[in-house]
Protein chains: 2
Amino acid sequence: MEKTIPGSTAPSGTLDLRVWVRLLDCAKIIEKRLRRNFEDQFSTTLPRFDILATLDRAPDGLRMGELSRALLVSNGNVTAIVRQLQEQGLVSSYTDPEDARSAIVSLTPNGRVQFAVLAEAHHGWVREALADFPEDSQRQLLTLLTQLKTSIL
Amino acid sequence: MEKTIPGSTAPSGTLDLRVWVRLLDCAKIIEKRLRRNFEDQFSTTLPRFDILATLDRAPDGLRMGELSRALLVSNGNVTAIVRQLQEQGLVSSYTDPEDARSAIVSLTPNGRVQFAVLAEAHHGWVREALADFPEDSQRQLLTLLTQLKTSIL
DNA sequence: GTCGATTCCTGCAGGCATAAAGTTTCTTTC
DNA sequence: GAAAGAAACTTTATGCCTGCAGGAATCGAC
């Protein structure tokens with residue numbers, strides 16, 4: 001039995017558990033900051049931004065299923081968020097002419113403009129969050145995380 | 001047909017953005033797996049487990065505020081989850097004798113037993129998730145993540 | 001003491017996430 | 001071609017999470 005300081009995350013424990021806890025902590029801290037910034041400065045949310053970002057990389061639009069797979073979220077979830085973006089005029093959707101089951105979603109011209117603004121702000125926040133973390137360490141971390149992602153898939 | 005595989009994240013971009021996206025991806029993938037396992041095998045959830053885990057490290061119990069700070073979640077959120085755990089008889093709470101504003105929450109004996117079971121399963125899932133990721137890489141990753149967490153605080 | 005500010009917690013509205021069930025539209029099979 | 005099956009999407013039920021409003025208790029400055 002090891003006593004630990006309440007409030008801090010496991011300073012001891014097995015290696016794999018410690019890696020996981022640290023990973024989750026870092027992700028949560030940064031994600032929380034981004035979410036707050038999106039809300040405060042643009043009255044929007046991270047999930048909405050994620051959808052816009054994914055669509056921005058797909059000039060021809062994407063089907064709902066492609067969107068949900070790209071974002072690692074459930075299918076039914078995308079439905080509601082896309083509808084909101086649609087009501088705001090940022091995305092448009094039309095029925096796939098080759099498969100009436102699918103709707104193809106893409107950015108509107110206005111959506112593309114709005115996204116550019118959001119993306120720049122988003123990048124600034126991330127840059128700011130990682131500002132004190134040396135570039136060389138970032139490179140190492142990126143390499144390790146890429147390997148990790150491959151190994152857990 | 002595709003310039004980018006829909007399920008993969010930005011192959012190009014600036015270093016800091018790529019680090020952040022990879023970090024988030026890895027965290028999401030593993031977290032999703034854990035959540036599913038908790039639901040399937042124990043009909044419980046990751047947040048509930050997190051609370052039990054935090055309380056398990058605090059023999060004398062914690063106040064609600066300490067819990068929410070340790071878990072990086074909002075104060076009002078802890079209220080509902082603790083109530084559920086209370087209804088299941090896993091935790092108990094009493095008013096702090098030194099400050100009647102605070103309630104002190106702690107594991108019940110049964111809660112401690114249940115947590116031990118969950119913790120072992122949880123550890124197994126994490127170990128399994130990281131099984132293909134070399135121990136040496138894990139060590140490097142842990143070091144980098146620890147530095148990262150410090151630098152973003 | 002007592003008034004005001006602060007702290008701790010709970011309640012509530014709104015948003016995102018999942019799983020599971022339900023619809024509509026292909027596709028396969030005969 | 002018609003029925004069985006699969007696929008894409010939506011809907012529904014449930015749960016977590018945040019921010020904010022509000023009540024109760026405490027602390028501080030008179």
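Here the structure is a predicted model, which means the values were calculated and not measured. Numbers restart at 1 for each chain; the letters A, B, ... are given by sequence-line order, proteins then strands.
Counting non-hydrogen atoms under 4.0 angstrom, B:Ala80 reaches nothing in the nucleic acid. Contact annotation for B:Asp99: backbone-only contact, meaning every heavy-atom pair under 4.0 Å involves sugar-phosphate atoms and none involves a base. Nucleic acid contact for B:Gln84: sugar-phosphate only, since backbone atoms but no base atoms lie under 4.0 Å from a heavy atom of the residue. A:Thr45 comes within 4.0 angstrom of the backbone, heavy atoms only, and of no base.
No side-chain heavy atom of A:Thr45 sits under 4.5 Å from any side-chain heavy atom of A:Phe38.
Reading DNA chain D from its 5' end, the first and the last nucleotide to sit under 4.0 Å from a heavy atom of chain B are D:dC16 to D:dT26.
In this structure B:Asp99 satisfies the salt bridge (Lys or Arg N to Asp or Glu O under 4.0 Å) test together with B:Arg101, sequence neighbours excluded. For A:Gln84, the side-chain contact (heavy atoms from CB on, under 4.5 Å) test picks out A:Arg48, with sequence neighbours left out. Every residue two or more places apart in sequence or in another chain that forms a side-chain contact (heavy atoms from CB on, under 4.5 Å) with B:Ala100 is listed here: B:Thr95. Considering only residues two or more places apart in sequence or on other chains, B:Ser74 meets the side-chain contact (heavy atoms from CB on, under 4.5 Å) condition with B:Asn77.
A donor-acceptor pair under 3.5 Å is formed between the side chain of A:Gln138 and the backbone N or O of A:Phe133.
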Point to revise | Sugar-phosphate or base contact per nucleotide [nucleotides 17-24 of chain C; S, B, -; heavy atom under 4.0 Å] | key: SBS-----
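In this structure, A:Gln88 places its CD atom 13 Å from C1' of C:dG15, rounding to the nearest Å.
Of all the heavy atoms in B:Ala121 and B:Phe42, the pair that sits closest is CB-CE1, 3.6 Å.
No more than 12 heavy atoms of other residues, nucleotides or ligands shown are found within 6.0 angstrom of CD on B:Glu128.
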